[in-house]
There are 2 protein chains.
Amino acid sequence: MAKKITIYDLAQKLNISPATVSRSLNDHPAISQKTKDKVLSVAKETGYRTNKFAANLSKQKSNTIGVIVPKLNSIFMSTVLSGIEKIANNFGYNLVISQSLESQEKEKLNAKTLFDSGVDALLVSLAYETDDYDHFTTYTDRKIPLLFFDRVCDLPNCPTISIDNEAAGYDATQHLIKNGCQNIVHISGSLKRNVYAGRLEGYKKALYKNKFPVKPENIIESDLNIGQVKEFVARIKASEQKVDGIFVSNDTFAANCIKELIKEGFRIPEDIKVIGFNNDPVSEVISPSLSTIEYPGYKMGILAGQSIISHLSGSINIQSADQILIKHKLIARESTQI
Amino acid sequence: MAKKITIYDLAQKLNISPATVSRSLNDHPAISQKTKDKVLSVAKETGYRTNKFAANLSKQKSNTIGVIVPKLNSIFMSTVLSGIEKIANNFGYNLVISQSLESQEKEKLNAKTLFDSGVDALLVSLAYETDDYDHFTTYTDRKIPLLFFDRVCDLPNCPTISIDNEAAGYDATQHLIKNGCQNIVHISGSLKRNVYAGRLEGYKKALYKNKFPVKPENIIESDLNIGQVKEFVARIKASEQKVDGIFVSNDTFAANCIKELIKEGFRIPEDIKVIGFNNDPVSEVISPSLSTIEYPGYKMGILAGQSIISHLSGSINIQSADQILIKHKLIARESTQI
DNA sequence: TTAATTTACGCAATCGGTTGCGCAATTCAT
DNA sequence: ATGAATTGCGCAACCGATTGCGTAAATTAA
């Protein structure tokens, strides 16, 4: 049981050369169908399994795609991953997934490890704190396809996949304004990240457009940690000018704000309207249900997967599309409409 | 730029043999410190990176752990994965993650692929429909560590990590009874899976204990797909004997039930008390907040990771613990208490 | 000083496929 | 029937690191 059988064994059994066996198994055109059939059949009989280690070594590729995400345990990220995995799996690639835990240090380490382990391509969504991108040059130098999704950065020749965060931020803010808000607070994540910086820009733009002042005290850069909800709500309560609208960069935080606001006696949406971001499952279930921006994570994963695969297989058509923007959509629910 | 440099290059530069270089890099005791230092320094200078393909081939191991989960995009599963990744990463292992999408077919395929790709160990949470386990014999035959978590099965020599689902089901039901429920419906997942079968057993046990009848019409085996909520609520509404308690095997489904029940005019918890399972984030946010069973996913991931690592490194101490049960905890919230 | 150990390193086989090149056998054109 | 083109396959050199075994050099013992 469990004796490893190699192409040499097959070759011997069939009285042909290992080279022919190898080519047969790979359906090489220079081998006659008759021979291929024989090889295939014996391979099946004997339970031959190709040794990936050897194949990898000689081909210098692993059929493996590396992924670095900030955190695995978020419904958004795992939905994206689900899409990536689907595509990768379809095309015979394995996915090696690692998380940076929002730390630049770990992200660098992971990038190194994945490089050493020989991934054929790398997909990255950046950590909260990353502000230097040297750890990716190893990849670009060796022409290993590198693609960023969601939390992207613009490195030369690196395609990115994201939504138009500025437009989305604009839409969210505009929606609040249309529903009567006059003094809107925006809770943002790290402004190092495009996703949050973009949304903030959109927020400002909407204010400009409506000739509302952009007040620094209304812009809160936070790590969106739920522990800070209370502190934030206290701040809202204490603010001089009555806050009547909140645009939060993330549904989970928004949902918890709503809970806390209600506990503090605010009526949502009558006193304060709240809009979130992502369309997490929680946004539908909370009451009042949370208006939000739909961020199609699964689709993003699918596209990221397809894009990287087509890079790998050398189709150049997608390569031209260096920046893919996915459409977002405003979902108006109870938390913003009386 | 980007010329691959090998131990042979290093050997030449240093006028020593490749073998010595290899041993130096691996800190082999038979090499003098002086030589090691030289090698290390030149390796650093030249930017040498060991070729894992070659190392894997000769060592016949990949420093890689395979994982098969039913779905990536669930908050519970991704939390478990997060824990596994943490440990794996700490010990220098990479994680290759694939999803069965609840299909036995895909699970088998994934098991094969991961085997071929040479994972050193495999972690599995079974698909909904899996009822035959032959695809794992490849692993057990070759003594490749195989461990099941959450949705487990008992194969010889395969450790499992889960909670005591029967006890948890018992606790949940008992909690409903204590709070006055007399006619409790249980919504279960596939009874092929230990997790659901166990919870059902616990449910029955609690009923027995309180001398309540176990009515078949009160036990619903479902795929827990949210699309079925309406149908289910209709059934509750139409039931002859008034249902006053529901024990749902999963928070997401439970939360949606609550929403739908309320929409249909039921008061929660006054008319019907509901308890879920998992302690998903959604359970805290919904109103009324959902009583549930805490299922420590992260901890499960950590334990699964540690267990498999210790198998791999040959520590036998954990090997004896063939079945790890993690403690659950009942969390009583508003949905069950007036 | 010489023999017995110990230390430090090199030789060469091995892991199992892959692939450029060359040659023989077969098929085709004339 | 004969040279030309095509087809089918084998030889052998990789891919780059690991490791059992053997031996020269250095150290210790006597």
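Note that the coordinates shown come from a computational prediction; the quantities given were computed from them, not determined experimentally. A note on names: the letters A, B, ... follow the listed sequences, proteins ahead of strands, and every chain is numbered from 1.
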In whole Å, I'd like the distance from the [atom1] atom of [X] to the [atom2] atom of [N].
X: A:Lys4; N: C:dG17; atom1: NZ; atom2: C1'; answer: 15 Å
X: B:Lys61; N: C:dG16; atom1: NZ; atom2: P; answer: 17 Å
X: A:Lys52; N: C:dG16; atom1: NZ; atom2: P; answer: 15 Å
X: A:Ile7; N: C:dT19; atom1: CD1; atom2: P; answer: 11 Å

Inset, instruction - Consider the side chain of B:Ile16, meaning its heavy atoms from C-beta on, and name the nucleotide among C:dG17, C:dG16, C:dG10 that approaches it most closely. - result: C:dG10

Inset, instruction - Counting heavy atoms from C-beta on, name the nucleotide in C:dG17, C:dC9, C:dG16 closest to the side chain of B:Gln60. - result: C:dG16

Inset, instruction - Select base, sugar-phosphate, or nothing to describe what B:Leu25 touches, counting heavy atoms under 4.0 Å on all strands. - result: nothing

Inset, instruction - Classify the nucleic acid contact of B:Ala19 as base, sugar-phosphate or nothing, counting any heavy atom under 4.0 Å across all strands shown. - result: base

Inset, instruction - For B:Tyr8 and for A:Leu57, find the nucleotide of DNA chain C with the closest heavy atom, then tell me which residue's nucleotide is more 5'. - result: B:Tyr8

Residues 150-158 of chain A, side-chain donor-acceptor partners within the protein, below 3.5 Å, at least two apart:
residue, atom, partner, partner atom, Å
A:Asp150, OD1, A:Tyr295, OH, 2.5
A:Arg151, NE, A:Leu126, O, 2.9
A:Arg151, NH2, A:Glu102, OE1, 2.5
A:Arg151, NH2, A:Glu102, OE2, 3.0
A:Arg151, NH2, A:Leu126, O, 3.2

Legend entry - Donor/acceptor link under 3.5 angstrom from A:Arg23 side chain onto base of C:dG20: yes

Inset, instruction - Could you tell me which non-hydrogen atom of A:Ser78 sits nearest to which non-hydrogen atom of B:Leu72, and how far apart they are? - result: CB-O, 3.4 Å

Inset, instruction - Could you pull out the closest heavy-atom pair between A:Thr64 and A:Tyr93, with the gap in Å? - result: N-CD2, 3.7 Å

Inset, instruction - Begin from the C-alpha positions of A:Tyr48 and A:Ile7 and carry the test side chain to side chain contact (heavy atoms under 4.5 Å, CB included) through to its verdict. - result: CA-CA 8 Å; A:Tyr48 168 82; A:Ile7 53 168; 3.4 Å; yes

Legend entry - Centroid-centroid under 6.0 Å between A:Phe148 and A:Phe136 rings: yes

Legend entry - For B:Glu85, the option from B:Ile87, B:Leu81, B:Asn89 that meets side chain to side chain contact (heavy atoms under 4.5 Å, CB included): B:Asn89

Legend entry - chain B footprint on DNA chain D, 5' to 3' - any atom under 4.0 Å from a heavy atom: D:dG16 to D:dC21

